[in-house]
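For reference, the structure is listed below as structure tokens.
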Amino acid sequence: MLPVLAIPVFCVATWVSALNDPSSDLPRFGQPLNNLTVSVGREAVFTCIVEGLGPYKVAWLRVDTQTILTIASHVITKNHRIAVTHSGHRLWSLHIKETRKTDSGWYMCQVNTDPMSSITGFLEVVVPPDILDYPTSTDMVVREGSNVTLRCAATGTPEPTVTWRREAGGTISLSNWQAGSIVGPELEITRITRLHMGPYLCIASNGVPPTVSKRILLTVHFQPMVWIENQLVGAYEGQTLTLECRSEAHPSPITYWTKPSNETIANDENYKVETIPKGLYEMTMKLVIKSVRAQDFGSFRCVATNSLGETDGKIKLYRIDKPPTTRRPGTRRESKKTWKIDHSHEKKAVGMKDEPMLKGDDTGDEQIDFQSATASTSFHRHLFTNFGITAITVIVAGGLST
């Protein structure tokens with residue numbers, strides 16, 4: 001059975017710490033009671049050092065509720081999370097297990113001297129941030145040009161700070177400025193554009209790990225737009241040609257091409273239609289004409305349509321002459337040509353027309369006639385220059401000329 005204390009037991013009326021005179025026989029506190037900060041769910045331990053306790057008793061109290069928790073080595077409260085330990089009669093510890101946010105407050109170590117002696121310490125139970133499903137915004141779909149407010153509701157102890165960022169990085173564009181991040185529980189965007197489309201992160205932090213975030217996808221709907229770099233294209237029959245349009249739209253549009261006859265083009269032996277997506281709302285529309293025919297001259301249309309509208313672009317294909325086939329001098333095939341001058345001693349040395357010098361492998365190769373068997377050195381230089389020949393030996397009347 002516990003001894004009866006001589007004073008009103010552990011009255012909370014006197015909070016002040018009384019460090020006793022070392023010269024007296026009364027107990028004294030060895031050091032102040034430390035303040036504690038612990039994460040919710042962890043154990044908090046206050047340690048009270050009492051020098052020269054003698055016949056007196058140590059008790060622990062919860063100050064704000066005026067609740068006696070322990071006396072000596074006995075737990076008085078019915079809270080199963082409270083425990084007391086001691087080392088001899090000098091060191092007394094109060095254990096608060098599985099701390100809750102409601103455990104935050106002032107705690108007192110008290111000795112039943114007359115007058116009563118006590119020291120106090122504060123327990124702060126910190127709570128990591130948490131983002132509430134309500135009223136935090138969910139994924140949103142809006143029309144281009146409208147105003148949007150994204151909300152993020154977070155709890156925690158201390159109160160968390162909410163920061164907005166784009167998931168993919170980059171800046172957030174507001175009405176008159178841009179920033180890499182925005183601090184606050186709300187993100188307001190006026191006159192939203194397609195450039196605002198994408199996932200956003202609301203990040204809550206209060207210095208207590210872990211930091212938490214929520215992903216909110218912002219989708220912007222707008223009708224298709226079409227850009228064409230070359231609206232007028234020249235082609236000749238038989239040519240392979242690629243026509244190209246660039247489109248932006250969301251929701252993703254249905255795309256197709258039409259011929260000059262206004263018929264919709266399908267993939268066949270002469271046409272290939274291809275759509276290449278790029279990013280959230282961009283795409284490139286390609287039409288490959290494998291061999292241009294007479295009926296292909298005219299206006300082709302690239303069309304993009306979604307639930308908000310339809311847009312098209314026109315590319316006019318006009319006829320041009322097929323470029324002549326030219327053979328580049330100095331190629332390997334040219335270098336293999338045989339150069340000959342056929343001359344006869346029966347022919348006159350001067351004024352007689354020789355046989356053509358150039359004999360090609362193919363019909364249609366250029367033919368060069370010498371007007372005189374006594375070709376001049378300047379003509380040789382002209383021949384060398386025009387046909388890429390670095391050295392040639394030509395048989396002329398009266399000897400060899402190089």
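For the single chain, residues carry numbers from 1 onward in sequence order. Scope of the values below: all heavy atoms of this structure, side chains included, with no hydrogens, waters or symmetry mates.
- Counting heavy-atom neighbours within 6.0 Å of D268 CG, excluding the residue itself, gives a total above 12.
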Given side chain to side chain donor-acceptor pair (under 3.5 Å), test T163 with S181 step by step and report yes or no. CA-CA 7 Å; T163 304; S181 62; over 6 Å; no
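- At distances below 3.5 Å, at least one donor-acceptor pair connects side-chain atoms of R166 with backbone N or O atoms of H196.
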ring-ring contact (aromatic ring centres under 6.0 Å, His included) between Y281 and F222, worked out: CA-CA 10 Å; Y281 52 82; F222 57 95; 5.6 Å; yes
Go through V288 and Y271 one step at a time and tell me if the side-chain contact (heavy atoms from CB on, under 4.5 Å) criterion holds. CA-CA 6 Å; V288 178; Y271 298 109; over 6 Å; no
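- Note: H86 and H89 have parallel aromatic rings, judged against thresholds of 30 and 60 degrees for the angle between ring planes.
- Between the side chain of W60 and the backbone N or O of I71, no donor-acceptor pair lies under 3.5 Å.
- Although no hydrogens or angles enter the test, the distance criterion places no donor-acceptor pair under 3.5 Å between the side chain of N35 and the main chain of G121.
- Using a 4.0 Å cut-off between charged nitrogen and carboxylate oxygen, D103 and K101 do not count as a salt-bridge pair.
- In this structure, K214 and T136 have side chains that are in contact, with non-hydrogen atoms separated by less than 4.5 Å.
- Side-chain atoms of D130 never come within 3.5 Å of backbone atoms of A154 as a donor-acceptor pair (strictly under, hydrogens ignored).
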Intermediate values then yes/no, side chain to side chain donor-acceptor pair (under 3.5 Å), S173 and Q178: CA-CA 5 Å; S173 300; Q178 293 184 340; 3.0 Å; yes
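- Inter-residue side-chain proximity for I189 and Y200 is flagged as met; some heavy-atom pair is nearer than 4.5 Å.
- Judged as a side chain to side chain donor-acceptor pair (under 3.5 Å), the pairs with a partner in residues 302-323 (not counting sequence neighbours) are, in order, E237-R319, R301-D312.
- Side chain of T77 to backbone of N79: a donor-acceptor contact under 3.5 angstrom is found.
- Contact check on R246 versus E282 returns a salt bridge, with a Lys/Arg side-chain nitrogen under 4.0 Å from an Asp/Glu carboxylate oxygen.
- Judged by distance alone, with hydrogens and angles left aside, the side-chain atoms of T113 form a donor-acceptor pair with the main-chain N or O of P115 at under 3.5 Å.
- Using cut-offs of 30° and 60° on the angle between ring planes, the pair F122 and W106 is perpendicular.
- Considering only heavy atoms from C-beta on, M140 comes within 4.5 Å of V148 through its side chain.
- For H221, the NE2 atom counts as densely surrounded, since its 6.0 Å shell holds more than 12 non-hydrogen atoms of other residues, nucleotides or ligands.
- Partners of E98 under the salt bridge (charged side-chain N to carboxylate O under 4.0 Å, His left out) rule, at least two apart in sequence or in another chain, do not exist in this structure.
- Side-chain contact between P158 and V208 is present, with at least one heavy-atom pair separated by less than 4.5 Å.
- Annotation: side chain of I96 is in contact with side chain of L123 (closest heavy-atom distance under 4.5 Å).
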Candidate pair R194 and E144, rule salt bridge (charged side-chain N to carboxylate O under 4.0 Å, His left out), full reasoning: CA-CA 7 Å; R194 65 200 67 180; E144 192 169 42; 3.0 Å; yes
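- For the pair R81/R100, a side-chain contact is recorded, criterion being any heavy-atom separation below 4.5 Å from C-beta on.
- Under a cut-off of 6.0 angstrom, the local environment of CD1 in I254 is sparse, with at most 12 non-hydrogen atoms contributed by other residues, nucleotides or ligands.
- No more than 12 heavy atoms of other residues, nucleotides or ligands shown are found within 6.0 angstrom of NZ on K97.
- Other residues, nucleotides and ligands place more than 12 heavy atoms under 6.0 Å from the CD atom of Q295.
- Side-chain contact between V233 and I315 is present, with at least one heavy-atom pair separated by less than 4.5 Å.
- T37 is listed as a side-chain neighbour of V126, based on a closest heavy-atom distance under 4.5 Å.
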